[in-house]
Structure formats: structure tokens, C-alpha cells
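To start, the structure itself, in C-alpha cells.
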Protein chains: 2
Amino acid sequence: MKRLTMADIAREAGVSKGAVSYALNGLPGVSDKTRRRILDIAERHGFTPNSAARALTGSPAGAIGLVLCRPARTLGVEPFFMELISGIEGELSARSIALSLQVVKDHEAEIAVYHRWWAERRVDGVLVVDVRTADARLDAVRRLRLPAVVIAGPADFDGLPSVWSDDGAAITEAVEYLYALGHRRIARVGGLPDLLHTAVRTAAFQEVCARLGFTRAETVLSDYTGEEGDRVTRRLLISADRPTAIIYDNDVMAVAGLAVAQEMGVSVPGELSLVAWGGSLLCGMVHPPLTALTRDVAGYGANAARRLLTLLEEGTVDSYQDTTAHLVPRGSTGPVPSRPARRR
Amino acid sequence: MKRLTMADIAREAGVSKGAVSYALNGLPGVSDKTRRRILDIAERHGFTPNSAARALTGSPAGAIGLVLCRPARTLGVEPFFMELISGIEGELSARSIALSLQVVKDHEAEIAVYHRWWAERRVDGVLVVDVRTADARLDAVRRLRLPAVVIAGPADFDGLPSVWSDDGAAITEAVEYLYALGHRRIARVGGLPDLLHTAVRTAAFQEVCARLGFTRAETVLSDYTGEEGDRVTRRLLISADRPTAIIYDNDVMAVAGLAVAQEMGVSVPGELSLVAWGGSLLCGMVHPPLTALTRDVAGYGANAARRLLTLLEEGTVDSYQDTTAHLVPRGSTGPVPSRPARRR
DNA sequence: CTGAAAGCGCTTACAG
DNA sequence: CTGAAAGCGCTTACAG
């Protein structure tokens with residue numbers, strides 16, 4: 001197949017290339033009749049303007065970028081990113097905007113990618129995820145003036161708009177629920193220590209536990225992998241005064257934790273209640289199904305993408321607080337056992 | 001930050017733009033001394049040529065495309081794609097080649113994406129996944145002469161090179177293993193009926209079961225989701241002459257199947273053996289951990305990406321048979337119970 | 001409302 | 001070995 005150009009369309013329509021450009025882009029400068037004729041011809045041939053040529057004249061590249069900075073093997077089991085990507089894609093593909101995806105091993109490499117994308121004009125803007133409490137990437141995109149929406153919060157990212165969700169409120173709800181069920185000894189298996197939302201959750205968890213007067217309320221930070229979920233849970237369950245409830249910062253660790261309980265013969269929810277964070281289908285697939293702090297991750301991604309598109313079009317956009325994750329009680333939580341937990 | 005162009009570099013080096021181009025691309029036409037000076041200056045400024053301008057002169061776009069045609073919500077829990085993407089990315093990012101990702105809802109939309117990518121010169125080639133027994137997408141990429149590597153096989157895709165894995169041999173190994181453990185009634189919960197590899201597995205499964213003389217050997221086709229894994233497993237377990245072993249076409253359905261067995265009080269592996277397909281970490285995260293047909297999915301993606309890059313460079317590339325998935329026995333399989341399975 | 005022309009930032013024959 | 005120039009396929013002021 002031959003790749004048509006605007007010159008071909010112009011020739012067939014008997015007009016100039018400029019007229020074709022105006023017609024295709026919906027700009028004034030051609031009569032309605034001519035416009036219609038040009039659009040018909042373009043449509044008939046399935047003509048799409050060469051994106052490189054457009055980009056060269058200063059038009060948008062028609063692509064946005066997403067860099068994932070996680071070890072490859074954990075990306076697979078972690079449903080969060082693929083759901084987020086699905087949501088982002090939904091917004092972009094409706095507008096025929098491409099998503100450029102790159103997986104890197106550290107922030108230095110990620111910043112290099114932003115530099116390259118910027119220099120090459122490859123993307124019009126980026127979505128930044130997994131924000132850390134001190135995050136050099138934010139400085140980098142600011143310096144490059146690369147339009148960006150940060151998926152994290154609440155925080156002031158000094159000029160960078162963000163889309164975020166109130167994780168503090170969500171975890172508070174979960175803890176209050178467990179308190180109401182009678183639990184007084186609780187543990188939390190947290191995510192990567194450096195991440196901003198880990199810090200937010202840790203602070204909220206400690207605050208609510210102190211307020212309600214839990215006998216024991218400890219956070220053990222981990223790394224979201226099943227291995228670590230397994231290891232930390234085992235340690236918690238063999239401890240002298242073991243918790244009667246555990247909250248996990250993602251669903252992968254919670255599933256692993258459930259397996260450990262089963263393996264050790266600790267009944268869930270009879271002797272131990274488990275709460276997962278993350279609403280992926282994973283939580284409903286195990287037995288007992290896991291009570292979880294759930295939110296619409298794909299919708300979260302869609303909101304972020306939409307904000308970025310607005311930023312690109314209007315040059316500015318406000319930060320947006322997405323809905324708070326809510327507790328979906330399933331089979332893994334129940335009243336605290338009246339008899340003391342069996343010591344081991 | 002100002003975006004530098006080759007003209008800026010040329011001016012600073014006191015040479016023509018052409019010389020800069022030759023130097024940057026490692027072409028003859030400049031002396032070693034001049035080349036070094038130009039490269040130094042470019043390096044110092046972190047100069048990267050504008051990708052749009054390059055693409056416009058017929059150079060590669062520096063991007064390859066991947067279209068995923070699965071419902072958004074199943075993409076999240078299915079570890080396969082994210083692992084595949086991780087592997088692809090590993091090959092591409094080393095060469096600074098971008099991955100354009102798009103999620104579509106049907107093949108018609110996917111073909112439209114290929115057309116657009118081709119017309120816009122957005123990508124240099126594509127990786128085609130989830131090939132069906134009759135697949136219009138293959139015709140489309142052939143007609144467009146869009147360089148493509150098909151991730152599927154074994155089959156002759158009429159000119160399109162492929163990277164594939166012998167699923168028939170793998171499932172045969174699994175069935176023979178179960179036979180050796182004494183199982184004579186077996187079921188398989190298959191993946192989407194239209195997919196080529198589902199057909200390959202079904203044929204091999206029936207062949208080996210017939211050869212070994214199983215009393216019962218049925219394949220129930222499904223859709224890879226946990227819901228269906230749950231539903232089909234429940235139906236199998238309440239059937240009169242229920243199987244003593246079940247093989248699942250992915251790990252998500254297998255995990256769901258395990259939960260059903262636990263819920264119904266069917267001991268695994270005491271009364272029921274389970275084999276999953278897919279080597280994601282998921283299989284090791286449940287209790288008991290699932291015996292699985294495992295393969296290096298990221299490596300599979302890397303191989304496919306590498307083949308595509310070779311195709312782009314050399315204009316042709318052979319198909320490649322990747323390693324066969326192998327059986328990793330874990331806790332979900334065991335000898336068939338000597339007493340007859342409990343009837344319900 | 002329409003056409004001719006310059007320019008985006010590269011690559012690549014073509015002369016010197 | 002080096003420079004000047006044309007051209008890739010668009011967009012967009014600028015004249016008519």
C-alpha cells in the first residue's frame with residue numbers, strides 16, 4: 001500500500017495543501033463545500049497525516065509517557081499497574097493519543113528517559129507514579145517544563161498538579177472497623193518505605209490506633225512482594241502476643257499472608273482477621289475471600305489521564321482528589337475470638 | 001531549558017549540520033578529530049536529535065507497537081501481559097526504542113490502530129499477541145507491509161515470522177505426570193476458545209489422554225477469569241464422577257479453582273490435584289502452592305522483541321521456538337486417593 | 001475564501 | 001574530508 005500525503009489529497013481535490021490542512025484540522029480558511037469534499041476524499045483513502053511531520057511543526061506529538069520504576073518480576077503480579085494503564089488507555093485511545101511505556105530500574109534512569117522524551121519531543125506530557133517523600137523526578141520534570149500530572153498526594157508538588165486519593169481516611173475506616181469487631185492487637189504490613197503514600201498510611205494508622213487505644217499496633221514495612229508478605233506474616237504469627245488482625249498495603253501480600261495462616265493452621269477469620277489494600281479481583285479469588293480497601297484503579301488512571309490532557313490543552317489544571325478507597329467486607333474478617341489467641 | 005538542534009551543535013563546533021549528522025550517526029564523512037569534538041559538544045549539552053525530524057526523513061520512528069485486545073478488568077489480574085511487557089521493555093529500552101501500547105476492545109479496532117500507526121509512521125513494527133485460529137489482523141499487517149512478529153505457534157503465518165513455545169509438549173508432560181500419580185479421571189479448564197494456543201492445547205490434551213486410556217478426560221473452555229475458574233470448577237466438583245485432577249490454562253483460574261475446593265471441603269491434594277498454567281509468582285503465593293507449567297514469560301517477550309528488531313534491521317528473520325514450559329511440582333498435586341472420591 | 005511560500009530539524013545525495 | 005542544498009510532510013503566516 002502506498003502511503004498518501006496531503007499533497008495527494010490536495011491534487012485529487014484540486015486544491016492546495018494548505019486547504020487540505022485547514023479542512024482536516026477544522027480551521028477556518030476553506031468553504032464548507034470544499035471542506036466536505038476534502039474530508040470525503042481523505043476518508044475514502046483512510047488518510048491520516050504523518051505524525052512526524054505534524055510534530056515537526058510544533059504540533060503536539062500525540063503521545064503521553066508513563067515510566068514504571070519497579071523490578072520486572074514484581075510488575076507482573078501487581079495488578080495495580082495494569083489496571084491503571086487500562087484506565088489511562090481508555091481516555092487516550094478515544095482521542096487517538098498514544099501511550100509510551102518504559103520500564104526502568106531506578107530514578108536516575110527514569111530522569112534520563114524524561115530528558116530524552118523532552119529533547120526528542122516524543123511525548124507531550126507524562127504521568128508520574130510511585131512518588132517518594134523525596135523525589136528527584138519531580139524537580140526534573142519541572143526543570144524541563146515537561147507537562148506532568150503526579151499520581152500521588154496529598155501534598156503540594158510545587159506547581160505540579162496531582163490526582164490523589166485519601167489513603168489516610170481509608171485506613172482509618174479499616175482500623176475503626178476492626179476495633180468495632182473487638183480487635184485490640186493489630187499489625188500492618190506496609191509497602192515500600194520511601195513511597196509517599198506509605199508514609200501517609202503509616203501516619204494515619206498510628207494516629208487512629210493511638211486514639212482508639214490499641215494494646216498493640218505495629219507497622220512493619222515491606223516491599224509489596226508475595227515473598228515478603230509471607231515472611232513478615234510468619235514473623236507476626238509466631239510472636240508472643242500475636243495480633244488478631246493484620247492490614248496489608250496491597251493485595252499480593254495479603255494473599256500471601258492468608259496462605260501462611262492456612263499453612264500454620266491459624267483459622268481466618270476465626271483466629272485472625274485480614275484486610276487487603278487494593279480492589280483487584282485477586283481478593284475475591286481466594287478462600288476465604290479477602291476483606292479489602294477497594295477503589296476503582298482504572299478510574300483513577302482515567303482521571304489522571306484526563307487531567308493531563310486538560311493541562312496540555314489549557315496550559316493549567318487543578319489537582320483533583322479522587323474517591324477514597326472504601327472497605328468491602330468479605331470473609332477474611334470477623335469478631336475477635338473470645339478465648340485468648342493460642343500461643344505457640 | 002532550551003531545546004538544542006543540530007544547527008546549534010554545528011555552530012558551536014564550527015562545522016555544517018551535515019557533519020554533525022554524520023558524526024552522531026557514526027557515518028563516514030568527518031575526520032576522527034572533528035567527530036570527537038562534535039560528540040563531546042553533543043554529550044555536554046545532552047543533545048538528542050528530534051525524533052520527528054528523523055522520522056520525517058525516512059529514518060525509523062524508533063518505536064514499536066503492542067496492541068492488547070482484552071477487557072480492561074481482566075488485564076489487571078492476568079500477570080502474563082505485564083510480564084511479557086517487562087521482557088519486551090528490557091530489550092527495547094537498552095536501545096532507547098519506545099514501546100507504544102494500546103488497549104482495544106476488538107480486532108476491528110486493533111486493525112484500525114495498525115492502519116493509523118502505519119499511516120502516521122508512528123511505529124517501525126508491531127508484536128501481535130493472542131492470535132486466533134482465524135485472525136484478520138495477520139492479513140491486515142501483511143497488506144500494510146507493517147513489519148510484525150507473531151507471538152504464537154506452531155503455525156505457518158504465511159510470511160510473518162513468529163516466536164512460539166510448544167504448549168502441546170508441555171501439557172502432555174503434565175498429563176503423563178498425573179497419570180503416573182494414578183489419576184484416571186481428569187479435566188482441563190481451557191482458555192478462550194478462539195485462541196490458537198487453546199486449540200493446540202486441546203488437541204494435545206485429547207491425544208495424550210486417549211493414548212494413556214483415561215476413564216474421563218474432558219476439556220471445558222472458559223475465559224481466563226477468576227469468576228469462570230470458580231464456576232467451572234464448582235460444576236466439575238459436583239458432577240457425579242468427579243475428576244481427581246484438574247489442569248487450568250492459566251494461573252488466575254487455578255487460584256480460583258483452589259478456593260472453590262477449599263470452600264467445598266475438598267482437600268487439595270488429598271482428594272484433588274490441581275495444575276496451573278503460567279509461572280507467575282501467584283502460584284507460589286497460595287496454600288498449598290500450585291504445581292504449574294511454568295515458563296519464563298519475560299524472556300519470551302524479550303525474544304520476540306529481539307526478533308522484531310532483527311527483522312527491522314535485516315529485513316527478514318526466522319521464526320523461533322522458545323523453550324517449552326516445564327512442570328514445577330508443588331503442593332497441589334499428589335497421588336490419587338485409594339478410596340473412591342466422596343460423592344455429593 | 002484560496003494559493004504560494006517559508007519553515008520545523010533532520011538526512012543524504014551532490015559538488016567542491 | 002567538508003559544505004551547501006534539496007527534500008521529508010506537514011502548518012501557518014502572508015498575499016491575493
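First the proteins, then the strands, lettered A, B, ... as listed; each starts at 1.
- Comment: A/Glu313 engages A/Arg95 in a salt bridge, judged by a side-chain N to carboxylate O separation of less than 4.0 angstrom.
- Taking atom CZ on B/Arg35 and atom C1' on D/dT2, their separation rounds to 13 Å, with Å as the unit.
- Formation of a donor-acceptor pair under 3.5 Å by the A/Asp8 side chain with backbone atoms of A/Thr5 is found in this model.
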Give the dot-bracket string for DNA chain D, reading 5' to 3', where a pair is Watson-Crick or G-U wobble with both distances under 3.5 Å, ( ) marks pairs inside the strand, [ ] marks pairs crossing earlier ones, | marks a partner on another strand, and . marks unpaired.
-> |||.||||||||.|||
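- For A/Asp194 (side chain) and A/Arg132 (main-chain N/O), no donor-acceptor pair under 3.5 Å exists by modelled atom type.
- In this structure, B/Thr34 does not reach the D/dC1 phosphate: none of its side-chain N or O atoms is under 4.0 Å from OP1 or OP2.
- Within the structure, side-chain hydrogen bond (donor to acceptor under 3.5 Å, both in side chains) pairs that include any residue of residues 50-66 of chain B comprise B/Asn25-B/Arg54, B/Thr57-B/Ser59 (at least two apart or interchain).
- Using a cutoff of 4.0 Å between basic side-chain nitrogens and carboxylate oxygens, B/Asp139 and B/Arg142 are scored as salt-bridged.
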Nucleotides 7-16 of chain D: protein proximity per nucleotide (B base, S sugar-phosphate only, - neither; heavy atom, under 4.0 Å) | BBBBBBB---
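- Between A/Glu12 and A/Arg44, at least one side-chain nitrogen of the basic residue sits less than 4.0 Å from a carboxylate oxygen of the acidic one, meeting the salt-bridge criterion.
- In terms of modelled atom types and a separation under 3.5 Å, the side chain of B/Ser100 and the main chain of B/Gly65 share no donor-acceptor contact.
- A 4.5 Å side-chain heavy-atom check between B/Asn303 and B/Arg306 finds at least one atom pair inside the cut-off.
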